[in-house]
Amino acid sequence: MTLRLYDTATREVRDFVPLEEGKAGLYVCGLTVQSEPHVGHVRSGVNFDVLQRWLRHLGYDVSFIRNVTDIDDKILTKAEAQGRPWYAHAAIMKRELDKAYAALNVAPPTYEPAATGHVPEMLELIEMLIAKGHAYAAADGSGDVYFDVRSWQQYGELTHQRIDDMEAAEDADPRGKRDPRDFALWKGWKKESEPETASWPSPWGRGRPGWHIECSAMAGKYLGPAFDIHGGGVDLRFPHHENEQAQSRAAGHPFASYWMHNAWITTAGEKMSKSLGNTLSIPSVLERVRGIELRFYIVSAHYRSHVEFSFEALDEAAVGFRRIESFLERAGDVAVGELPEAFVAAMNDDLGTPAAVAVLFDVVRDGNRADDPSVQAGQVLAMLDVLGLDPADPAWGPGSSNDQQLVEAVDVLVRGLLDQRTQARADKDFAAADAIRDQIKAAGIAITDTPDGPTWALEAGTK
RNA sequence: GGUGGGUUGGCCGAGAGGCGAGGCAACGGACUGCAAAUCCGUGUACACGGGUUCAAAUCCCGUACCCACCUCCA
């Protein structure tokens with residue numbers, strides 16, 4: 001059984017055949033570090049992390065490159081609004097993003113190149129494009145360099161559009177373009193409005209990279225002229241990915257074999273980037289549910305399906321996930337087992353995580369029914385591991401030693417109370433027994449009576 | 001104007017011609033001193049109108065509504 005993936009370029013699910021047997025090169029457009037990451041932003045991080053983990057599980061030697069765009073218009077304007085240098089602003093937001101990824105157990109990529117670190121590579125590519133007649137320096141002396149879309153006959157091939165059908169940008173300030181659809185490879189430095197630190201020397205004077213060129217340059221540098229999979233959010237299909245492909249192919253590089261795009265998470269039917277302030281920023285969502293629960297919520301939907309975010313649905317997902325966790329707790333220590341066939345089939349079918357999660361629940365039920373749940377628990381662990389949802393993964397944070405001490409302290413206190421309750425029950429003094437249970441419950445601790453005596457755990461629903 | 005996606009039970013969310021994915025909630029039952037947890041059972045859902053077919057949520061035609069992208073966006 002082989003992995004099949006939906007390829008945006010061909011619009012079909014097809015067998016994944018790597019360029020080089022046993023290896024997989026993956027490039028994903030990461031974020032522009034311009035503001036605090038929200039739920040929508042991290043979806044792509046989680047989705048492609050699942051892809052990375054699955055490829056590794058299948059035995060591929062994965063090179064996963066996920067870039068960081070650390071210079072662009074928005075960064076400049078937001079930094080200025082906040083009164084700090086653009087690079088400081090980008091660095092702060094980058095740290096926030098790292099924290100968000102860590103909180104969701106998004107494993108780091110092989111390498112995370114930053115745009116500003118690759119200006120020479122971009123210049124090299126731009127000069128190659130000029131030499132081949134696919135790019136030109138603007139005639140107006142602005143220092144801008146544009147890609148000449150009319151010179152590249154296949155332009156539009158990725159998104160199946162013809163140049164003449166595309167609407168030219170409304171704001172199209174022609175700025176010396178030959179065609180309004182030509183896009184910037186290099187942006188000349190605007191002395192009056194932009195800091196000099198946001199400019200680099202080039203054959204066309206000081207300036208900064210256009211948005212698309214960085215990915216062509218970095219993908220080429222780290223994965224080579226041809227690589228397997230290129231990913232990102234749906235909105236990037238056009239113009240970003242179309243332009244990346246045009247640049248790279250015009251420069252003579254075959255570029256990506258497969259294109260994968262994750263769908264949006266919206267709120268109230270609107271994209272998150274447009275909507276409501278910071279209520280959906282990762283730190284604020286994590287005040288409500290744990291990172292592992294948010295990740296489970298994201299993984300429960302297929303990566304190509306649009307998700308309408310709601311806190312109710314998020315809470316439901318969290319409740320469902322706790323069922324899996326409590327099964328594992330009951331099962332005790334078990335070794336990681338084999339993946340059920342149905343799970344493997346689901347994952348191989350274009351990362352069918354919803355079907356995979358259904359298998360997860362089926363096995364949990366089986367395990368809850370069994371006298372000895374260790375086989376099922378082992379399978380559950382294996383599945384959770386692939387999905388990046390193993391609660392025991394140290395990546396979720398070891399909990400500080402302080403926490404550990406607290407747990408031990410609480411354990412002693414609760415055990416004392418539970419002993420009293422057990423005695424009361426033995427004496428058939430149920431009023432007393434229930435009073436103790438209520439007292440413990442009031443503290444946010446649920447108790448479960450088992451054949452081996454009562455156990456306690458923090459109550460579901462309270463984070 | 002061009003390109004792409006969507007509308008599934010109370011809610012979330014899969015599926016892509018024939019056996020009721022799964023979860024949450026609800027109801028009944030088992031277990032329990034009572035609960036909790038767990039298990040068992042309970043649903044005749046696929047926007048609307050036609051058509052194809054022995055068989056349609058799934059294919060075809062039409063309609064309605066929603067969303068995304070068209071050079072700043074995950």
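Below, read A as the first sequence line, B as the second, and so on, with proteins coming before strands; counting in each chain starts at 1.
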NA contact type, A:T159, heavy-atom cut-off 4.0 Å: base, sugar-phosphate, or nothing? sugar-phosphate
Whole angstrom is fine here: how far is it from CG in A:D72 over to P in B:A74? 9 Å
Length of the line joining A:W264:CH2 and B:G5:P, which is rounded to integer Å: 17 Å
Mind checking if A:N243 touches a base, just sugar-phosphate, or nothing, with heavy atoms under 4.0 Å? base
Is the Lys NZ or Arg CZ of A:R178 less than 6.0 Å from the centre of A:Y146's six-membered ring, within 45° of the axis? no
At less than 4.0 Å, is any side-chain N or O atom of A:R323 found next to OP1 or OP2 of B:C39? Yes or no. yes
Value in whole Å for how far the C1' atom of B:G4 lies from CZ of A:R162: 16 Å
Rounded to the nearest angstrom, tell me the gap between atom NE2 in A:H306 and atom C1' in B:C65. 15 Å
Whole angstrom is fine here: how far is it from NE2 in A:H41 over to C1' in B:C72? 12 Å
Does B:A74 have OP1 or OP2 sitting under 4.0 Å from an N or O in the side chain of A:N262? no
With a 4.0 Å cut-off on heavy atoms, is A:Y303 in touch with a base, just the backbone sugar-phosphate, or nothing at all? nothing
For B:U38, take OP1 and OP2 only and decide whether either is under 4.0 Å from a side-chain N or O of A:R369. no
Using side-chain heavy atoms (C-beta onward) and a distance below 4.5 Å, is A:W86 in contact with A:I71? yes
Establish, from distance only, whether the side-chain atoms of A:Q161 and A:T159 form a donor-acceptor pair under 3.5 Å. yes
Would you tell me if any nitrogen or oxygen in the side chain of A:S300 comes within less than 4.0 Å of OP1 or OP2 on B:C12? no
Now, which nucleotide makes the Watson-Crick or G-U wobble pair with B:C27, with each of the two distances under 3.5 Å? B:G41
Nearest-Å distance, CD (A:E316) to P (B:G22)? 16 Å
Send over the distance from A:L389 CG to B:G22 P, rounded to a whole Å. 20 Å
Are A:F64 and A:Y111 close enough that their ring centres sit under 6.0 Å apart? no
Please classify the nucleic acid contact of A:H302 as base, sugar-phosphate, or nothing, using heavy-atom distances under 4.0 Å. sugar-phosphate
Ring-face cation of A:R66 near A:Y101 (centre distance under 6.0 Å, axis angle within 45°): yes
Just to confirm, is there a sub-4.0 Å distance from OP1 or OP2 of B:C40 to any side-chain nitrogen or oxygen of A:R365? yes
Carefully, step by step, assess A:R84 and A:I92 under the rule side-chain contact (heavy atoms from CB on, under 4.5 Å). CA-CA 11 Å; A:R84 55 189 172 213; A:I92 290 166; 3.6 Å; yes
A:S305 side-chain N/O to B:A14 phosphate OP1/OP2 under 4.0 Å: yes
With the stacking rule set at 5.5 Å and 30°, tell me whether A:F361 counts as stacking on B:G22. no
What is the distance, to the nearest angstrom, from the CG atom on A:D315 to the P atom on B:C12? 14 Å
What does A:R43 touch in the nucleic acid at a heavy-atom separation under 4.0 angstrom: a base, only the sugar-phosphate, or nothing? nothing
Starting at the 5' end of RNA chain B and moving along, which residue's nearest nucleotide shows up first, A:P354 or A:I447? A:P354
Find the partner of B:G4: check Watson-Crick (N1-N3 plus N6-O4 or O6-N4) and G-U wobble (N1-O2, O6-N3) distances, both under 3.5 Å, and reply none if neither fits. B:C67
Does A:D434 reach a base, just sugar-phosphate, or nothing at all? Heavy atoms under 4.0 Å. base
